Amino acid sequence: MVVEKVPRSSVPPDEARALTCRVCGNRDHTSAWHDGVYRIHQLCRECGVSLAVQRAAAPDPLLAADHARQWKEIRRLRNEYPRHPS
């Protein structure tokens, strides 16, 4: 039943924060998660569903640098181990 509710629980940006989780019914247990660049999500601590989304005023420099480092590593590995047609 929870899995069915997750796709329907998306929250448009800048909508007021839900007081109760749309999926698991939890109240007032949220955790902020910054995607590093564009948005800050208020997530339910029980099931992880987004209860609210706000546009970030500015990118988080540490998270943005970490994302850039991860993508650089992915590109390096892709170049180091190219795919061979089978």
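What you see is a predicted model; the values in this text were computed from it and never measured. The analysis underlying the following values was restricted to heavy atoms, covering all of them including side chains, and did not include hydrogens, waters or symmetry mates.
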Could you tell me which non-hydrogen atom of G48 sits nearest to which non-hydrogen atom of L43, and how far apart they are?
O-CD2, 3.7 Å
For D66, enumerate each residue passing the side chain to side chain donor-acceptor pair (under 3.5 Å) test, keeping only those at least two apart in sequence or located in another chain.
R69, Q70
R76 atom CZ, over 12 foreign heavy atoms within 6.0 Å:
yes
Ignoring hydrogens, what is the shortest heavy-atom contact between Q42 and T30? Give both atom names and the distance.
OE1-OG1, 3.3 Å
Minimum heavy-atom separation for H34 and A58, please, with both atom names.
NE2-O, 3.9 Å
List the atom of L51, the atom of C21, and the distance in Å for their closest heavy-atom pair.
CD2-CA, 3.6 Å
Of the non-hydrogen atoms in S50 and A52, which two are nearest, and what is the gap between them?
OG-O, 3.3 Å
Shortest non-hydrogen pair, L62 vs D60, comes out as N-OD1, 3.0 Å
Would you mind reporting whether R39 and Q54 have side-chain heavy atoms less than 4.5 Å apart?
no
